[in-house]
Amino acid sequence: LSDKNKIKKILRFKTKKTKKDFLKSVVNGIHLILEGQKKLKGIGVSVASPVLNGVVLNPPNLPLKNFNLEKFLRKKFRVKVKVENDANCYALAELKYGCGKNCKNFVLVAIGTGIGGGIVINGKLYTGKGCAGEIGHIIISDSNKRCNAGHNGCFEAMASGRAIFELSEKRFGKGYLASELSEMARKGNKKAKKLLNEIGYYLGRGFVSIANIFNPDMIIVSGGVKEGGELLLKEARKILKKDSMDTTELKISKINKGALLGAIALIK
Ligand SMILES: [Zn+2]
């Protein structure tokens, strides 16, 4: 629940497994958070799925497929509803409140368990037919490592939080987060440093492709992997500088809850 761009209240629910239960929990959740509120201006929805005109197309982790969530919620609550992909929402938040504020062209790269992206061109979100910005799935390697969507050697397969976790499982017998490896490397663990370097190399390769296609003012990195911090990004910066046609600034997002802030921005 927000008042202008201030988040007032947050409720969390476990994702339900069937479409019926999922939608029921969304509607109940909205009713719950609205308790005691008199006026509702609108509902902004950030969802981990490609979205086209309010239709949630094919989310990998939600029980909805080709479902018009915008229409469904508008009917239930009789207010303005806007549904957008979560990384796109994050990019909107960067445009309004973050590094992208005085910037016309940028690409937001959200690196968590997977890798999402949001493209801003001329101060506006670019969504293509709904799937633009799925930069997690550009192919950057011949490796047979595979992402959840089934691509070998894509950006997400090579450089996401999951890739870091799985590679550290192999090397250390235990999976680590980027932040943990970063801490280990800082304390002198050479194996951790080497692993971060390797992932940084693939991050760099992804960034080069983004830079060469869009020639943006900057690439903004958000998500859990940014906790790997400068150690992880050092190699990425090196590759980006070496292999792209023009210089591109790499910035680390300073926004928290960007997807939520972006969803709020959808309604203004
Ligand atoms: Zn992929």
Side-chain angles (χ1 to χ4, degrees), residues 1-57 59-65 67-101 108-114 116-118 120 123-125 127 130 133 220-224 226-227 252-268:
L1 181 70
S2 84
D3 182 4
K4 299 204 174 71
N5 61 1
K6 290 268 175 312
I7 297 173
K8 297 278 182 192
K9 216 197 292 180
I10 292 183
L11 291 181
R12 291 172 202 275
F13 301 90
K14 277 219 167 109
T15 309
K16 298 286 187 292
K17 292 219 165 63
T18 66
K19 180 177 171 184
K20 198 177 150 206
D21 289 346
F22 179 82
L23 291 173
K24 212 163 116 187
S25 93
V26 169
V27 171
N28 286 345
I30 296 172
H31 279 305
L32 261 177
I33 208 162
L34 282 176
E35 228 158 68
Q37 296 295 318
K38 287 196 186 97
K39 252 173 77 184
L40 175 65
K41 189 172 173 190
I43 300 170
V45 181
S46 157
V47 59
S49 167
V51 175
L52 182 61
N53 299 326
V55 178
V56 176
L57 296 175
N61 301 312
L62 302 173
L64 299 178
K65 203 173 177 176
F67 182 76
N68 197 327
L69 187 59
E70 218 166 270
K71 204 166 134 195
F72 172 81
L73 288 175
R74 203 180 298 128
K75 256 185 161 168
K76 289 267 177 211
F77 293 93
R78 312 246 161 230
V79 287
K80 181 178 175 182
V81 179
K82 280 295 259 178
V83 178
E84 188 51 84
N85 164 270
D86 56 351
N88 283 347
C89 282
Y90 210 116
L92 271 183
E94 286 293 344
L95 182 66
K96 284 221 156 199
Y97 316 111
C99 307
K101 214 170 166 184
L108 179 278
V109 185
I111 313 173
T113 313
V120 170
K124 286 211 170 91
L125 205 55
T127 54
I220 306 172
V221 179
S222 77
K226 78 174 198 233
E227 312 299 334
I252 295 185
S253 168
K254 292 185 182 73
I255 288 185
N256 284 317
K257 302 191 178 66
L260 287 186
L261 285 175
I264 293 162
L266 290 172
I267 293 308
K268 284 190 208 162

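Counting begins at 1 with the first residue of the sequence.
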| message | Measuring only between side-chain heavy atoms, which start at C-beta, is Leu108 closer than 4.5 Å to Val120? | response | no

| Spatial distance of atom NZ (Lys257) from atom SG (Cys89) [nearest 0.5 Å] | 15.5 Å

| said: Minimum heavy-atom separation for Ala87 and Gly116, please, with both atom names. | reply: CB-C, 3.9 Å

| So, do Lys96 and Leu261 sit near enough that their side-chain heavy atoms are less than 4.5 Å apart? | no

| query | If you round to the nearest 0.5 Å, how far is CD1 of Ile255 from OH of Tyr97? | reply | 8.5 Å

| message | Give me the atom names and distance for the closest heavy-atom approach of Ala48 to Pro59. | response | O-CB, 3.6 Å

| request: Find the distance between CD (Glu70) and CG (Asn53) and round it off to the nearest 0.5 Å. | output: 8.0 Å

| Inter-residue atom distance Leu69.CG - Lys82.NZ, 0.5 Å rounding | 12.5 Å

| query | Around atom CG of Asp21, are there more than 12 heavy atoms of other residues, nucleotides or ligands at under 6.0 Å? | reply | yes

| task | Could you walk me through whether Leu73 and Val45 pass side-chain contact (heavy atoms from CB on, under 4.5 Å), step by step? | result | CA-CA 10 Å; Leu73 288 175; Val45 181; 3.8 Å; yes

| Just wondering, do Pro63 and Thr18 contact through their side chains at under 4.5 Å, heavy atoms? | no

| field | Reported CG-to-CG distance for the pair Asn88 and Leu95, which is rounded to 0.5 angstrom | value | 11.5 Å

| N/O donor-acceptor pair under 3.5 Å between Tyr90 side chain and Gly223 backbone | no

| query | Counting only N and O atoms by type, is there a donor-acceptor contact under 3.5 Å from the side chain of Glu94 to the main-chain atoms of Cys99? | reply | yes

| request: Indicate yes or no: at least one non-hydrogen side-chain atom of Ile30 is less than 4.5 angstrom from one of Lys76. | output: no

Enumerate donor-acceptor pairs with a distance under 3.5 Å from any side-chain N or O in residues 2-12 to protein atoms, sequence neighbours excluded.
unit_1	atom_1	unit_2	atom_2	d
Ser2	OG	Lys4	O	3.2
Lys9	NZ	Ile33	O	3.4

| Heavy-atom pair with the smallest gap, counting every atom of Ala93 and Gly258 | CB-O, 3.3 Å

| Closest contact, heavy atoms only, Phe77 versus His31 | CE2-CE1, 3.6 Å

| Ile267 side, atom CD1; Lys80 side, atom NZ - distance, nearest 0.5 Å | 5.5 Å

| 4.5 Å side-chain heavy-atom contact, Leu52 and Thr127 | no

| Should Asn28 and Phe13 count as side-chain neighbours, where that means a heavy-atom distance under 4.5 Å? | no

| message | Quick check on side-chain contact (heavy atoms from CB on, under 4.5 Å): which of Leu64, Val81, Val27 does Phe72 satisfy it with? | response | Val27

